[in-house]
Amino acid sequence: MAISLSKGQKVDLTKTNPGLSKVVVGVGWDTNKYDGGKDFDLDASVFSLNAAGKVASESDFIFYNNPKNANGSIVHTGDNRTGAGDGDDEQIKIDLSAVPAEVEKVAFCITIHDAEARAQNFGQVSNAYVRIVNEASDEEILRFDLGEDFSIETGVVVGELYRNSGEWKFSAIGSGYKDGLGGLARDYGLQTT
């Protein structure tokens, strides 16, 4: 049975699931009734962070245009441009045993593509979640439903996998950014134009 997390809650991942090495991180969302006439395209992205909380290079920013990190231990499976249908809208596969040793934390984010130009924000999004599934058994290990706490934000850090004493843990973050992907990238050490 999956653990349902609350904002700010942390949980052991590998210690309580011995032998767990390959996981699928699924993110999903629905959009509320929206009459702006433009598509609503949310994107999952991942930042592989060092001990300073920054990416070491651009290859540590994983998204639909850079679908895997340098050694292939973190792989984005593809862009869903509509969010239609049930289940995960986008997924990231991670081989925990192969994540480079210098990566201390893996942050999972959801942003709205062209949010400013399309006058869209997370106040128009509902049922957003992140979940972690054991790839070998297809069993859902944990789930964090973000709730409806957002209004003007165009990006959200949904959660983080992080190393602690040789084990992997997950932290439910749910922190919004009003300047979307640009703000996230800047904070995580990428140069933005």
Side-chain angles (χ1 to χ4, degrees), residues 1-7 9 11 13-14 16-17 19-34 36 38-48 61-69 72-96 99 106-115 118 120-150 153-161 168-177 180-181 184:
M1 168 126 173
I3 298 170
S4 185
L5 300 178
S6 302
K7 184 174 178 170
Q9 192 173 358
V11 65
L13 195 60
T14 53
T16 52
N17 296 283
L20 180 69
S21 66
K22 293 186 177 182
V23 296
V24 176
V25 178
V27 293
W29 55 80
D30 294 317
T31 51
N32 299 333
K33 185 166 173 42
Y34 170 70
K38 303 224 175 26
D39 289 339
F40 216 106
D41 179 11
L42 277 71
D43 295 312
S45 54
V46 179
F47 294 88
S48 293
F61 170 42
I62 299 101
F63 67 113
Y64 61 87
N65 267 350
N66 180 45
K68 62 183 179 179
N69 64 341
S73 59
I74 302 172
V75 178
H76 190 296
T77 63
D79 188 15
N80 177 333
R81 293 175 181 252
T82 66
D86 293 332
D88 298 339
D89 291 310
E90 294 188 10
Q91 292 183 328
I92 298 98
K93 293 184 175 190
I94 302 176
D95 183 347
L96 298 171
V99 173
V106 181
F108 302 94
C109 307
I110 303 174
T111 55
I112 302 172
H113 183 70
D114 280 345
R118 296 176 180 182
Q120 297 171 343
N121 59 55
F122 270 92
Q124 299 158 313
V125 174
S126 59
N127 303 320
Y129 69 86
V130 60
R131 70 187 192 120
I132 297 183
V133 175
N134 180 336
E135 187 176 342
S137 67
D138 204 32
E139 175 190 358
E140 185 176 289
I141 300 169
L142 62 87
R143 181 183 190 97
F144 172 44
D145 292 303
L146 270 70
E148 312 297 318
D149 296 341
F150 305 104
E153 295 84 357
T154 58
V156 177
V157 178
V158 293
E160 296 173 338
L161 278 171
W168 285 97
K169 292 186 171 192
F170 181 82
S171 178
I173 305 288
S175 178
Y177 272 70
L181 187 57
L184 289 162

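Here the straight-line distance linking atom OG of S73 with atom NZ of K22 works out to 11.0 Å at 0.5 Å rounding. To the nearest 0.5 Å, the span separating CD on Q124 from CD1 on I112 amounts to 7.0 Å. Note that CZ of F170 and CG of L5 are 6.5 Å apart. Values are rounded to the nearest 0.5 Å. For the atom pair CZ (F61) and CG (L184), the distance works out to 8.5 Å, reported to the nearest 0.5 Å. In this structure, CG in D41 is found 8.5 Å from CD in Q120, a value given to the nearest 0.5 Å. To the nearest 0.5 angstrom, T31 atom OG1 is 8.0 Å from L42 atom CG.
Residues passing the salt bridge (Lys or Arg N to Asp or Glu O under 4.0 Å) test with E153: none are found, sequence neighbours excluded. Qualifying side chain to side chain contact (heavy atoms under 4.5 Å, CB included) partners for S175, counting only residues two or more places apart in sequence or in other chains: I173. Contacts of A44 classified as side chain to side chain contact (heavy atoms under 4.5 Å, CB included), with partners at least two apart in sequence or in another chain: V27, H76, E90, I92.
Side chain of D43 to main chain of Y64: no donor-acceptor pair is present (N/O by atom type, distance under 3.5 Å, no hydrogens or angles). Remark: the backbone N or O of W168 is paired with a side-chain donor or acceptor of T14 at under 3.5 angstrom. Between the side chain of S45 and the main chain of F63, no donor-acceptor pair closer than 3.5 Å is present. In this structure, N127 contributes its side chain and D30 its backbone to no donor-acceptor pair below 3.5 Å.
Put simply, the side chain of K93 reaches to within 4.5 Å of the side chain of V24, judged on heavy atoms. Between V157 and Y177 the shortest side-chain heavy-atom distance falls below 4.5 Å.
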Walk me through it: do F122 and I110 pass the test side-chain contact (heavy atoms from CB on, under 4.5 Å)? CA-CA 10 Å; F122 270 92; I110 303 174; 3.7 Å; yes
How far apart are the C-alpha atoms of I132 and L161, what are their side-chain angles, what is the distance that settles it, and do they pass the side-chain contact (heavy atoms from CB on, under 4.5 Å) test? CA-CA 10 Å; I132 297 183; L161 278 171; 4.0 Å; yes
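Taking every heavy atom of both residues into account, D138 and V133 meet most closely at C-CG1, 3.6 Å. Pairing each heavy atom of L13 with each of T16, the nearest pair is O-OG1, 3.6 Å. Of all non-hydrogen atoms in I62 and S48, the two that sit nearest each other are CD1-OG, 3.7 Å. Residues A172 and S6 share a closest heavy-atom pair of CB-O, 3.5 Å. Pairing each heavy atom of G72 with each of V75, the nearest pair is O-CG2, 3.5 Å.
The only member of D89, D145, D88 that meets side chain to side chain donor-acceptor pair (under 3.5 Å) when paired with Y129 is D88.
Dense packing is recorded around NZ of K7, with more than 12 heavy atoms of other residues, nucleotides or ligands lying under 6.0 Å away.
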